[in-house]
Amino acid sequence: MSRSEQCRAFAPGSIGNLACGFDVLGLALEGPGDEVVARWTTKAGLTIRAIHGDGGRIPLEAERNSAGGAARAVLDELGVRGGVELIVHKGLPLAAGMGGSAASAVAAAVAVDGLLRGGLSPESLLRCALAGEAVAAGEAHPDNAAPSLLGGMVLVPTWEPLRVIELEVPRELMAVHVHPHCEVETSAARRVLGDRISLHDAVTQWGNTAALVAGLFREDWEIIARSVEDRVAEPLRAGAVPGFYEVKRAALDAGALASSLSGSGPSLFALCRGRARAEAVGRAMVEAFRSAAGLEADLLVSPGRAPGARILES
Ligand code: HSE
């Protein structure tokens, strides 16, 4: 294993769940993301030197932070004991439904692996990123970390053992992401779910997930539109997002194939065929947040096949 002085990596934001794929399906976004610089230091162990862009809200202790947890997992995996420090640049807003904590974990895993020239496989990097998310949040869900690492749309049917499937995505598929200026903590959004769903809802949910995968593979827009429906989380979480139903309605009226919460919210996403339609849908959703809830919102229109994490400098 040879050494470089430092490595800087980027990991994009992502849409978790994609409605029917609660906890198992996600999509990378093109645009903002988090960056992590990893470098050698004479101080023993792992330290986080600085976090920029979080307004001082994320703990600097490596063991309480998703980037720190992921970096620690990579160091353990590679059996490295030397001192390493991280600098985290948050490009993603906190508690936004953009997979920010997963992006920090992925960027840290990629940066530390790059620094060490470790050559870890994508599956090992994903495991390390999930370990980081678990450190920060108490539990990890792979539907943000997997697309943030790999790009495109990714299905993780099980994570113990880890199984990762990169899905076919039609070239014309576009994702619209609308982030209103309010926050939803994932931990709070999970507490409202409880741990029971009806057999009917379970059957509908897994039927829709399977149908969505088939629709993507066949480029069948009608199947895609009819499958992106969430019977599990959306009905219980929508109430925490001011204007949710109006914004979703605006997306569908403007021609979206489907719309739901992005991750645990408060952002909503929509899937669309073609960029022009996606931009019109996005504008309608932003306007609906303003008129229904008095909230300003940021719009992102991203191809369905957006790239995943990468090393920027090594
Ligand atoms: N699948 C997770 C959840 C994603 O919905 O709780 C959190 O962004």
Side-chain angles (χ1 to χ4, degrees), residues 11-29 32-34 58 66-67 69-70 90-107 126 129-150 153-160 162-165 167 175 177-180 182-197 201-202 205-206 208-209 212 228-241 244 248 258-269 300 302 308:
S14 54
I15 298 171
N17 297 334
L18 282 168
C20 52
F22 176 70
D23 271 358
V24 297
L25 189 59
L27 174 91
L29 290 167
D34 289 357
I58 301 177
S66 70
K90 291 292 301 175
L92 294 167
L94 307 188
M98 291 186 89
S101 129
S104 290
V106 168
L126 180 56
L130 291 174
E133 274 213 276
V135 158
E139 55 182 344
H141 318 104
D143 49 320
N144 287 115
S148 181
L149 177 68
L150 300 168
M153 197 182 291
V154 184
L155 177 70
V156 184
T158 66
W159 54 100
E160 282 168 357
L162 187 61
R163 289 164 59 214
V164 180
I165 302 171
L167 297 180
H177 186 278
V178 178
H179 168 224
C182 61
E183 295 188 352
V184 168
E185 291 294 341
T186 298
S187 51
R190 290 196 82 84
R191 279 196 294 276
V192 305
L193 299 179
D195 61 359
R196 293 275 187 279
I197 57 173
D201 284 344
Q205 192 90 348
W206 63 60
N208 276 332
T209 308
L212 174 59
V228 180
E229 184 203 355
D230 178 9
R231 292 288 184 99
V232 173
E234 183 187 298
L236 296 168
R237 287 174 164 176
V241 180
F244 172 85
K248 178 170 174 164
S259 175
S260 184
L261 288 170
S262 173
S264 55
S267 296
L268 271 78
F269 77 91
L300 184 64
S302 170

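Remember, it's 1-based here, ligands and their atoms both numbered in the order they're listed. Position 1 is the first residue of the sequence; numbering continues from there.
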Would Ser264 count as a contact residue for ligand 1, given that I'm defining contact as a non-hydrogen atom of the residue lying under 4.0 Å from a ligand atom?
yes

Mark up the atoms of ligand 1 that fall under 4.0 Å of a heavy atom belonging to Asn144, in ascending order.
4 (C), 7 (C), 8 (O)

Can you tell me which portion of Asp23 lies within the under-4.0 Å heavy-atom range of ligand 1? Options are side chain, backbone, both, or neither.
both

Selection residues 187-197 - residue pairs positive for salt bridge (Lys or Arg N to Asp or Glu O under 4.0 Å), sequence neighbours left out:
Asp23-Arg190, Glu139-Arg190

Identify the residue among Asn17, Asp143, Thr158, Leu155 that makes a side-chain contact (heavy atoms from CB on, under 4.5 Å) with Val24.
Leu155

With Asp34, which residues qualify under side chain to side chain contact (heavy atoms under 4.5 Å, CB included), at least two apart?
Lys90, Leu92, Ala103, Ser104

Quick check against the 3.5 Å criterion: does Ser148 have a side-chain atom that pairs as donor or acceptor with the backbone of Pro12?
yes

Backbone N or O of Ala189 within a donor-acceptor pair of the Arg237 side chain at under 3.5 Å?
yes

Using a heavy-atom cut-off of under 4.0 Å, does the side chain or the backbone of Arg237 touch ligand 1, or both, or neither?
side chain

Measuring from non-hydrogen atoms of Gly263 to any atom of ligand 1, is the shortest distance under 4.0 Å?
yes

In ligand 1, which numbered atoms sit nearer than 4.0 Å to a non-hydrogen atom of Asn17?
1 (N), 2 (C), 3 (C), 5 (O)

What's the shortest distance from atom 6 (O) of ligand 1 to any protein heavy atom, and which residue and atom give it?
Arg190 NH1, 2.5 Å

Main-chain N/O of Gly97 paired with His177 side-chain donor or acceptor, under 3.5 Å
yes

So is there a nitrogen or oxygen of His141 less than 3.5 Å from a nitrogen or oxygen in ligand 1?
no

